[in-house]
Number of protein chains: 2
Amino acid sequence: MPREYKVRTKPAMQPPHPGAILRLDVVPALRISIAQAARELGVSRQLLHGILAEKLPVSAEMAVRLGKWCGNDAHLWIALQRDYDLWRAERKLASRISGIPTHEAV
Amino acid sequence: MPREYKVRTKPAMQPPHPGAILRLDVVPALRISIAQAARELGVSRQLLHGILAEKLPVSAEMAVRLGKWCGNDAHLWIALQRDYDLWRAERKLASRISGIPTHEAV
DNA sequence: GGCAGTGTCAAATAAAAATTGACAGATGTC
DNA sequence: GACATCTGTCAATTTTTATTTGACACTGCC
């Protein structure tokens, strides 16, 4: 009787949305209202709300604003977003990528 | 007579567009036509041309395709693109960014 | 001459990013 | 109680980005 194995190719762990870091760590630490933060960042209140609710992405420009605003490199924010995007894209394309051949010569 | 100093805050070196890596390294190494590559990747020929010409970005989905196609992690491609995007965003927002206050408490 | 490829263009679509205006509800304060 | 400010969410809209399609002139090759 051949045994079945489940092959795990990827950790399949969902990376955090940058909004989660902002919501759970940054905003509480700064003790600032969302409305005020949006004003300081120079974006609409709704955009910031959307990011905090993990419904809108941190764009490159937003990452630059956040970097200046909380004094840490913009790379942090865009890296978080990028990992999140990649994770979603992998799942979205899962069926289609199997049709793409792999060239090992690189 | 007070002397003037030029302050360099950032390396200001433009990161490469992922299209440059594809065009200079990957495609020559694989010895494949652009048209054929586009077919294998499942995207339009013009989109691939645009990326190779550094006029169109490597999206998250495109990074996944490229990762599968040339056997290296999709992270490489999206990291290249995001560094490029960030570099452009920093320059685009340079004037507006100075108006954003910095909170050091993070 | 016909086939495959190249690089670029314009037009069209589709999808994503961001703004504006509105709403009901919470909380504080004078 | 009325005012101001904030909250979270909604819908409509605008702007921007990503991608496709179709076309064009040109090149190289059997």
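Atoms considered below: every heavy atom in the structure, side chains included; atoms not considered: hydrogens, waters and symmetry mates. Just so it is clear: chains get the letters A, B, ... in the order the sequence lines come, proteins before strands, and each one is counted from 1.
By the 4.5 Å heavy-atom criterion applied to side chains, Ile78(B) and Val58(B) are not counted as neighbours.
Both Gln46(B) and Glu61(B) lie near DNA chain C, and the one whose nearest nucleotide falls closer to the 5' end is Gln46(B).
Each end of the helix from dG1(C)-dC30(D) to dC30(C)-dG1(D) gets its own axis from five base pairs, and the two axes differ in direction by 10°, given to 10 degrees.
Note that CZ of Arg23(A) and NE2 of His49(A) are 12.5 Å apart. Values are rounded to the nearest 0.5 Å. Between the CD atom in Gln81(A) and the CG atom in Leu76(A) there is a gap of 11.5 Å [rounded to 0.5 Å]. Note that CG of Asp73(A) and CG of Leu66(A) are 12.0 Å apart. Values are rounded to the nearest 0.5 Å. Atoms SG and CG, from Cys70(B) and Asp25(B) in turn, are 10.5 Å apart once rounded to the nearest 0.5 Å.
For the ring-ring contact (aromatic ring centres under 6.0 Å, His included) test with His17(B), the passing option among Tyr84(B), Trp77(B), Trp87(B) is Tyr84(B); the others fail.
Atom CG in Leu47(A) sits about 15 Å away from atom C1' in dT13(D), given to the nearest Å. Between Leu52(A) atom CG and dC6(D) atom C1' there is a gap of 14 Å when expressed in whole angstrom units. Counting to the nearest Å, the C1' atom of dT19(D) and the NZ atom of Lys92(A) are 11 Å from each other. The distance from atom CE of Met62(B) to atom P of dT19(D) is 8 Å, rounded to the nearest whole Å. If you take CZ of Arg23(A) and P of dT9(D), they are 10 Å apart, rounded to a whole angstrom. One atom, NE2 of His49(B), and another, C1' of dT20(D), lie 14 Å apart when rounded to the nearest Å.
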_For a side-chain contact (heavy atoms from CB on, under 4.5 Å) check, start with the C-alpha distance between Leu41(B) and Leu48(B), then their side-chain angles and the critical distance, and finish with the verdict._
CA-CA 9 Å; Leu41(B) 286 165; Leu48(B) 186 53; 4.3 Å; yes

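Dashed line: the shortest gap from a side-chain N or O of Ser33(A) to OP1 or OP2 of dT5(D) is not under 4.0 Å.
Scanning atom types as modelled, no donor and acceptor separated by under 3.5 angstrom connect the side chain of Arg45(B) and the base of dG22(D).
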For residues 28-39 of chain A, dump all side-chain donor-acceptor pairs below 3.5 Å to protein atoms at least two apart in sequence or in another chain.
{"unit_1": "Ser33(A)", "atom_1": "OG", "unit_2": "Gln36(A)", "atom_2": "N", "d": "3.0"}
{"unit_1": "Gln36(A)", "atom_1": "OE1", "unit_2": "Arg39(A)", "atom_2": "NH1", "d": "2.3"}
{"unit_1": "Gln36(A)", "atom_1": "NE2", "unit_2": "Glu40(A)", "atom_2": "OE2", "d": "3.2"}

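Gln36(A) comes within 4.0 angstrom of nothing in the nucleic acid, heavy atoms only. No contact: Leu56(A) has no heavy atom under 4.0 Å from any strand. Ser44(B) comes within contact range of at least one nucleobase, with a heavy-atom separation under 4.0 Å.
Once you apply a 4.0 Å limit to the heavy atoms of chain A, the touched nucleotides of DNA chain C run 5' to 3' over dA17(C) to dA22(C).
Comment: Arg82(A) does not engage Asp85(B) in a salt bridge, judged by the lack of any side-chain N to carboxylate O separation of less than 4.0 angstrom.
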